[in-house]
Amino acid sequence: MAGRSLFQVFPRIRRVQLHVGLSLVFVPLVMLTGAAVALVSYQRTSHLLLGTNRQLIAAIAAEATARMETRLNIQQTERNIASLALFSRADSLAARLRLLPQMKAVVDVTPAINAYYVGYANGDRILLRRLQDDSERQFFQATPDTSYVVQSLERTPAGPVSRRLLFDRQLRLLLNAAAPQWASYDPRTRSWYRQAIAMAWPIVTDVYTFATSGQSGLTVAQRTPDRRAVVGADLRVSTISDILWNLRRSLSQTPSARLALVDGRGRVLALDGVGLGGGGAKSTSPPLLQRAGVPVFAQAGAVVPKLIADLPPSAAVADRQLRIDGRDWIVAVGRAQRFERLQSYLVVAVPSDELLQDARSLGRDSILSTLAVVALITPIVWLLARRITRALRKLGHEAEAVRSFRFDGSVTVRSMVREVDDLAIAIDAMKDTIRHFLAVNAVIAAEPDVDRLMETILAESISAAHARGGALFLTGDGDRRLEPAVVMGPELKPLQTPLTALPTAGVVKLMGHRLDSSEVLHGTLTSEGTPMERKLAYALELEGAPYLALPLASRERNLLGLLLLWFDAPPEPARVAFIEAFSGNAAIALETRDLIASQKALFQAFIELIADAVDAKSPYTGGHCQRVPELTKMLAEAACEAKEGVFTDFSLTPERWEAVHVAAWLHDCGKVITPEYVVDKATKLETIYDRIHEVRTRFEVLKRDAHIRYYQDRLAGGDPSQLAERLEQEWAELDADFAFVAACNEGGEFLSPEHIERLQGIGARTWTRTLDDRLGTSQEERRRMERQPAAPLPVLEPLLADRPDHRLERHHSDRLGPDNPWGFTLQPTEWLYDRGELHNLSISRGTLTPEERYKINEHIVHTIRMLSALPFPRHLRDVPELAGGHHETLVGTGYPKGLRKDQMSEVARMMAIADIFEALTSSDRPYKQAKTLSQALKIMAFMKRDQHIDPDLFALFVSSGVYRRYAERFLQPDQIDAVDEAALLAT
């Protein structure tokens with residue numbers, strides 16, 4: 001029995017079904033459910049207690065408000081203030097002391113108010129204060145039997161007189177002394193006075209620090225009916241501390257809880273048992289809660305303003321949980337007493353462990369009970385589960401291997417559980433299938449050649465299906481037919497069979513719904529079958545052979561081809577399913593390759609379209625964008641073929657060749673925005689038309705004017721012979737001047753300073769304009785003309801002029817700052833165009849102004865900007881650099897970036913040589929005669945000497961014969977002359 005498994009010894013042993021074993025595994029789940037119930041119970045209880053806490057805090061806030069309303073009794077205070085209005089007519093201290101018993105009576109009936117006072121419109125004041133304790137007696141320097149203090153201030157012609165009067169309980173005078181420390185007090189400057197004097201009803205101030213006692217509080221005040229005085233009462237908010245202390249004592253279950261009363265900005269009005277502003281301490285305003293000296297509020301106070309801001313109008317309480325000094329706290333805020341405009345808020349901080357003590361006790365008991373049950377049942381469940389899950393663990397390792405793409409080895413797991421045993425067999429089959437599937441896909445994905453790709457697809461399909469042979473059909477003839485691409489027989493050998501094309505319409509009709517689902521069509525190749533079966537059986541000589549036909553469809557479910565496999569015997573369903581899955585990947589591979597080829601063809605057509613558009617735009621550059629790529633590639637091929645010298649190690653990958661191709665074709669794409677009338681400018685005054693005709697008309701006007709003067713002078717009795725001689729002389733002078741202007745316009749010869757001086761003299765002559773020159777013009781031209789006011793008609797104008805409206809402004813987007821993202825150093829001219837007549841006619845060489853020459857040079861700027869904006873793939877990302885460097889030099893004197901040799905790639909320097917040589921030898925530019933080979937190469941030799949082109953590349957260009965091979969293809973026969981290569985290389 002050694003080496004034999006239990007199933008080999010007892011082949012008919014009964015296996016346990018999986019659901020029996022799983023029922024035992026569910027026991028721990030039941031235990032976990034108990035624990036979860038305990039946890040949920042704890043959470044629900046906690047939630048209930050937290051909700052109860054919110055209700056408790058809301059009730060505390062309401063209770064605090066009720067007690068404050070009773071204790072403070074603001075309404076009674078306002079009635080008392082109204083009863084003291086008679087003080088307004090007491091205009092001396094004596095008169096006011098006579099009314100003092102009435103003020104004492106209102107002080108005694110309002111325990112929360114310890115001071116009433118009257119401020120007069122003339123700056124006088126009288127205040128009666130009831131002393132509460134010895135600390136206040138000490139503060140006011142009073143004797144032990146003093147019960148009341150009167151502070152009096154009278155303003156006399158000699159100055160303010162301030163006194164301190166002490167009274168006992170029966171209001172008997174104990175002391176009348178001067179109090180100069182209060183002489184500077186002026187009630188009219190105080191907030192309570194200013195607010196009350198402006199209102200006809202009682203007012204309540206914000207919390208502030210009392211000037212006399214230094215305690216915090218607020219003032220209730222009202223002006224007297226005659227507006228001669230304001231009566232006020234000081235309410236110390238520290239009296240609320242007693243209320244908060246009593247409320248805190250009522251929270252017996254949470255002895256660590258703390259209470260505070262704050263305003264809307266989180267400033268403390270009162271603490272539980274601790275008053276603010278006592279003891280004569282001076283402060284400008286109540287402190288913030290975090291600075292009140294209570295440890296828990298030192299950290300929790302910062303969140304109170306946020307809780308107040310987040311407190312909805314409909315909600316009674318807003319709370320937040322905080323971690324303070326290693327302990328969890330619940331900080332809650334609720335609305336409390338409102339003092340006129342001042343809304344107060346009750347802040348309650350409660351430790352979570354005290355609040356949730358009962359919930360935690362209940363949760364702890366539930367968890368302990370659950371753990372006891374789990375501890376009792378775990379050994380039993382563990383023993384049972386270990387035997388059942390041993391095989392599952394092994395299968396888990398196999399599944400992990402599959403997840404990690406490790407498909408080596410077979411699955412040898414066996415189990416008493418039937419389902420587990422079946423799973424092991426299925427996993428083993430799955431590993432084999434995936435291994436084969438990935439191997440086939442890897443082979444297909446790695447094949448770049450389309451023809452070999454089709455052979456690989458068919459060979460792998462035949463091998464995977466264990467087929468006798470197969471054929472791959474692809475759509476052709478405008479998708480009307482399926483053409484046989486590859487046919488293979490046994491041992492994957494190509495078959496030379498007379499297979500003909502199948503009509504696509506017939507195949508689609510035969511496939512039916514299978515085209516949408518990639519479902520396989522199976523049957524038998526026989527002369528009695530469908531037309532397709534009969535045709536294939538005859539061509540392949542396979543009468544009675546089973547076959548599978550799988551449609552290869554694109555993502556849009558368009559038919560791409562057909563995979564046909566034939567067998568000696570019908571294939572197993574598993575093999576059929578594998579081939580169905582594989583055919584989908586094969587179709588995707590074909591579609592992807594076709595899509596890539598189509599996109600490349602489209603891209604190539606697009607760049608050729610742009611190049612053709614640039615060439616077709618002007619006859620002066622016709623064919624340039626097509627010939628430069630050819631010459632660039634010829635020079636690059638020569639560099640790749642070099643066996644010695646500088647370019648021995650130079651080579652280009654296929655991707656790099658593609659970048660060279662694209663850059664060469666698009667090297668002048670920026671010329672699409674260069675106006676034709678600038679590129680084709682044949683004369684100096686030419687724009688869209690030649691303005692020499694306007695100048696000629698002005699000369700004609702001058703000649704007509706001379707003719708008219710001749711007849712006018714004859715009518716006036718002048719000598720006809722003298723007048724005729726003068727007319728002839730004027731005409732001759734005008735003809736000569738115009739001939740000179742016309743010659744200057746042609747731009748064929750160098751214009752000397754003397755010629756320019758003569759032009760300016762001719763231009764200074766005047767002619768008479770009688771028509772408004774702004775009529776019929778465009779809006780843009782009228783805007784330029786408005787730079788100077790219109791002269792009244794008729795007006796004398798110079799024969800040739802440089803007017804302000806001749807200058808076209810450059811748009812801000814055309815200006816290139818030193819920090820431009822492309823690194824351009826080419827500086828634009830001030831004006832976009834200057835069409836001044838003298839400015840153009842005075843060009844010393846050629847026909848272009850500096851503005852027009854910049855516009856032509858600017859094409860390379862736009863070439864780089866346009867190409868840089870395109871989302872090129874990675875291997876084409878340096879196309880802008882390759883295309884944009886053919887106007888640079890090796891020493892930084894080129895444009896648009898002023899690059900040097902080490903800043904340019906070899907290909908960019910090759911393109912510069914190609915661009916120059918093509919321009920010199922081009923025969924389709926009517927403004928110049930094409931150079932011969934020797935002339936062009938001689939010019940380029942001088943450019944090499946001046947470091948305008950790469951000497952090494954020029955030597956390669958000459959020595960490799962690239963220039964001559966190019967000439968034989970593109971130059972006229974009369975341009976191909978003898979070239980002294982040795983002399984060129986020696987220069």
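We count residues from 1, following the sequence as given. Values in this document were obtained by computation on a predicted structure and should not be read as measured data.
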More than 12 non-hydrogen atoms from neighbouring residues, nucleotides or ligands closer than 6.0 Å to [atom1] on [X], yes or no?
X	atom1	value
D649	CG	no
R965	CZ	yes
K901	NZ	yes
E637	CD	yes

Can you confirm whether or not the ring centre of F740 sits under 6.0 Å from the ring centre of H755? yes

Would Y895 and F824 count as a close aromatic pair, with their ring centres under 6.0 Å? no

State whether the side chain of [X] and the backbone N or O of [Y] hold a donor-acceptor pair below 3.5 Å, judged by distance alone.
X	Y	result
E881	A908	no
Q935	T932	yes
K897	T825	no
H667	A664	yes
N840	L685	no
Q947	V891	no
T863	G670	yes

Do the side chains of [X] and [Y] get close enough for a salt bridge, i.e. N-O under 4.0 angstrom?
X	Y	value
R627	E918	yes
E483	R481	yes
D805	R784	no
E852	K681	yes
E655	R874	no

Could you state the interatomic distance from [atom1] ([X]) to [atom2] ([Y]), rounded to the nearest 0.5 Å?
X	Y	atom1	atom2	answer
R656	S905	CZ	OG	5.5 Å
L759	L800	CG	CG	7.0 Å
L937	F954	CG	CZ	5.5 Å
E746	D690	CD	CG	9.5 Å
L870	I607	CG	CD1	11.0 Å
E780	L808	CD	CG	6.5 Å

Any side-chain heavy atom of [X] sitting closer than 4.5 Å to one from [Y]?
X	Y	answer
I462	M488	yes
V660	L652	yes
Y833	K855	yes
P896	I864	yes
K944	F957	no
Y963	E981	yes

Are [X] and [Y] close enough that a side-chain donor and a side-chain acceptor fall under 3.5 Å?
X	Y	result
D977	S934	yes
E630	Q626	no
T687	R835	no
E658	H875	yes
D668	H859	yes

Quick one: is the NZ or CZ of R810 closer than 6.0 Å to the six-membered ring centre of W831, and within 45° of its axis? no

